[in-house]
**Student:** 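Input: one structure, supplied below.
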2 protein chains.
Amino acid sequence: MDTAPLAFSRHNHSHCVSDALDAATTLCTERGARLTPLRKQVLELIWQSHKPLGAYAILDQLAAQATKPVAPPTVYRALDFLLEQKLIHRIGALNAYIGCPHPDHHHASHFLLCDDCGRAEEIHSKSVSRSIQKAASEAGFTVQSQSLEVFGLCPDCSPQDKHDA
Amino acid sequence: MDTAPLAFSRHNHSHCVSDALDAATTLCTERGARLTPLRKQVLELIWQSHKPLGAYAILDQLAAQATKPVAPPTVYRALDFLLEQKLIHRIGALNAYIGCPHPDHHHASHFLLCDDCGRAEEIHSKSVSRSIQKAASEAGFTVQSQSLEVFGLCPDCSPQDKHDA
DNA sequence: ACGAATATGTTATACTATAACTATCTTTGG
DNA sequence: CCAAAGATAGTTATAGTATAACATATTCGT
């Protein structure tokens with residue numbers, strides 16, 4: 001199935017990167033937003049893995065690639081842009097950032113985060129979204145954004161699930 | 001109804017505070033955990049409102065009440081204790097802490113957070129919990145903890161809902 | 001090419017959190 | 001009761017995360 005979970009499965013990761021960069025380029029063009037070389041570089045760094053990446057880890061890698069020193073605002077401004085364009089999500093519990101695999105349609109930030117290997121997988125469950133929306137409505141609350149961070153063990157890092165089940 | 005949403009409704013807040021402190025005292029006694037004066041003081045400060053409170057806001061208020069200067073570790077250690085005992089929750093998106101109204105039974109951290117007035121209300125929806133658990137299971141993921149932060153407008157701060165609906 | 005708007009560079013600083021060590025208090029076993 | 005062990009709190013320093021404010025450079029429409 002084409003919407004299968006990916007982060008926790010074996011896959012050719014270079015496709016993730018190229019797909020994400022292509023999608024970002026297309027979307028920004030459509031929106032009249034400027035995906036500058038710097039912003040693209042930051043997005044690519046974030047997509048180097050499925051593990052949320054901290055701003056200063058990005059900064060260090062940028063600095064390593066650049067000839068001039070790089071300062072925090074450079075990174076944070078790129079992150080702000082990517083967040084605005086919904087090309088990345090912020091994982092609040094980790095102060096870290098991760099690429100959005102489906103930036104073309106807006107959606108909430110719902111992630112499974114492995115405590116062991118650090119990988120994150122975005123989930124898209126109508127049932128989760130609907131139940132959250134319903135609970136909020138019942139409280140008279142108007143939802144504007146939401147963030148779900150589920151911590152635990154991914155299939156690869158679960159001791160039993162893979163073979164016993 | 002006794003399980004009605006509270007934070008977004010008018011209520012006698014002194015009851016929230018005394019209930020929370022009483023519950024904390026009882027639970028800690030049962031568990032053999034020591035709710036020291038400092039920890040109780042921090043818990044009370046957190047319960048001064050239904051708005052998540054930052055560590056340094058707590059620090060400032062502690063310092064104002066104390067004769068000696070207060071240093072960050074004093075606050076963070078108290079927060080760590082309260083978090084361990086599940087007497088408070090941490091709101092990752094805000095780097096802030098809020099009292100748990102039902103510390104007696106463990107549960108995930110699910111909050112509605114008003115962008116306008118800053119108040120937070122904990123929600124307890126079986127439907128939300130179940131759908132999250134189900135989505136995780138289907139991905140082969142073993143849940144250990146979860147945090148849901150829903151931002152938007154509370155009933156008081158919504159322009160229409162209260163009167164038009 | 002020109003001016004306005006956007007993006008980036010630069011410096012400084014604010015905010016959040018923890019490490020490491022010391023001192024004090026509490027509990028418990030003798 | 002006292003001493004040892006363990007838990008709590010004080011103290012100092014520093015690490016980690018994020019933004020303010022201002023200067024410079026680039027891009028875009030005209």
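Given the structure is predicted, the values throughout are model-derived calculations rather than measurements.
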**Student:** Using the 3.5 Å cut-off, write out each protein N or O paired with an N or O of nucleotides 26-30 of chain D and the distance between them.
**Tutor:**
residue, atom, partner, partner atom, Å
D/dT27, O4', A/R34, NH2, 3.4

**Student:** Do the side chain of A/Y56 and the base of D/dA18 come within less than 3.5 angstrom through a donor-acceptor pair of N or O atoms?
**Tutor:** yes

**Student:** When you measure from the side chain of B/H50 to the backbone of B/I98, do you find a donor-acceptor pair of N or O atoms at a distance under 3.5 Å?
**Tutor:** no

**Student:** Going by the rule side-chain hydrogen bond (donor to acceptor under 3.5 Å, both in side chains), which residues pair with A/T67 if we only count those two or more places apart in sequence or in a different chain?
**Tutor:** none

**Student:** For B/R119 and B/C114, indicate whether the former's side chain and the latter's backbone hold a donor-acceptor pair under 3.5 Å.
**Tutor:** no

**Student:** Hey, can you pull the residues of residues 57-71 of chain A with a non-hydrogen atom under 4.0 angstrom from DNA chain D?
**Tutor:** none

**Student:** Can you tell me how far the OG atom of B/S131 sits from the CD1 atom of A/I132, to the nearest 0.5 Å?
**Tutor:** 6.5 Å

**Student:** How would you list, by chain and number, every residue that makes a ring-ring contact (aromatic ring centres under 6.0 Å, His included) with A/H110, sequence neighbours excluded?
**Tutor:** none

**Student:** Is the backbone N or O of B/F8 less than 3.5 Å from a side-chain atom of B/E121, with the two atoms forming a donor-acceptor pair by type?
**Tutor:** yes

**Student:** Between B/P72 and A/A55, which residue's closest nucleotide on DNA chain D lies nearer the 5′ terminus?
**Tutor:** B/P72

**Student:** Need two values: the first and the last nucleotide of DNA chain C, 5' to 3', having an atom under 4.0 Å from any heavy-atom of chain B.
**Tutor:** C/dT16 to C/dT26

**Student:** Can you tell me how far C1' of D/dT14 sits from OH of B/Y76, to the nearest Å?
**Tutor:** 14 Å

**Student:** Please find the pair of heavy atoms, one from A/L153 and one from A/S158, that lie closest to each other, and give the distance.
**Tutor:** O-OG, 3.4 Å

**Student:** When you check the side-chain N and O atoms of B/Q133 and B/S129, is any donor under 3.5 Å from an acceptor?
**Tutor:** no

**Student:** What bend angle does the helix from C/dA1-D/dT30 to C/dG30-D/dC1 show across its length, from five-pair end axes and to the nearest 10 degrees?
**Tutor:** 30°

**Student:** Assert yes or no for the condition that the ring centre distance of A/H107 to A/H124 is strictly below 6.0 Å.
**Tutor:** yes

**Student:** For A/L45, does its backbone N or O pair with a side-chain atom of A/Q48 as donor and acceptor, under 3.5 Å?
**Tutor:** yes

**Student:** Could you list by number each residue of residues 78-99 of chain A showing a heavy-atom separation from DNA chain D of less than 4.0 Å, or answer none if no residue does?
**Tutor:** A/R90, A/N95, A/Y97

**Student:** Identify, with sequence neighbours excluded, every residue that meets side-chain hydrogen bond (donor to acceptor under 3.5 Å, both in side chains) alongside A/R10.
**Tutor:** none

**Student:** Between the protein and nucleotides 20-25 of chain D, list every N/O to N/O distance that falls short of 3.5 Å.
**Tutor:**
none

**Student:** Identify, with sequence neighbours excluded, every residue that meets ring-ring contact (aromatic ring centres under 6.0 Å, His included) alongside B/F111.
**Tutor:** B/H89

**Student:** What pairs with A/T74 under side-chain hydrogen bond (donor to acceptor under 3.5 Å, both in side chains), at least two apart in sequence or on another chain?
**Tutor:** none

**Student:** What pair of heavy atoms forms the shortest contact from B/A120 to B/L113, and how long is it?
**Tutor:** CB-CD2, 3.5 Å

**Student:** Stepwise, does the salt bridge (charged side-chain N to carboxylate O under 4.0 Å, His left out) test hold for B/K134 with B/E138?
**Tutor:** CA-CA 6 Å; B/K134 180 161 174 288; B/E138 286 173 0; 3.0 Å; yes

**Student:** State the OH-CD1 distance between A/Y97 and A/I46, to the nearest 0.5 angstrom.
**Tutor:** 8.5 Å

**Student:** Step by step, would you call B/D104 with B/K86 a salt bridge (charged side-chain N to carboxylate O under 4.0 Å, His left out)?
**Tutor:** CA-CA 8 Å; B/D104 49 315; B/K86 314 277 190 190; over 6 Å; no

**Student:** With A/H15, which residues qualify under ring-ring contact (aromatic ring centres under 6.0 Å, His included), at least two apart?
**Tutor:** none

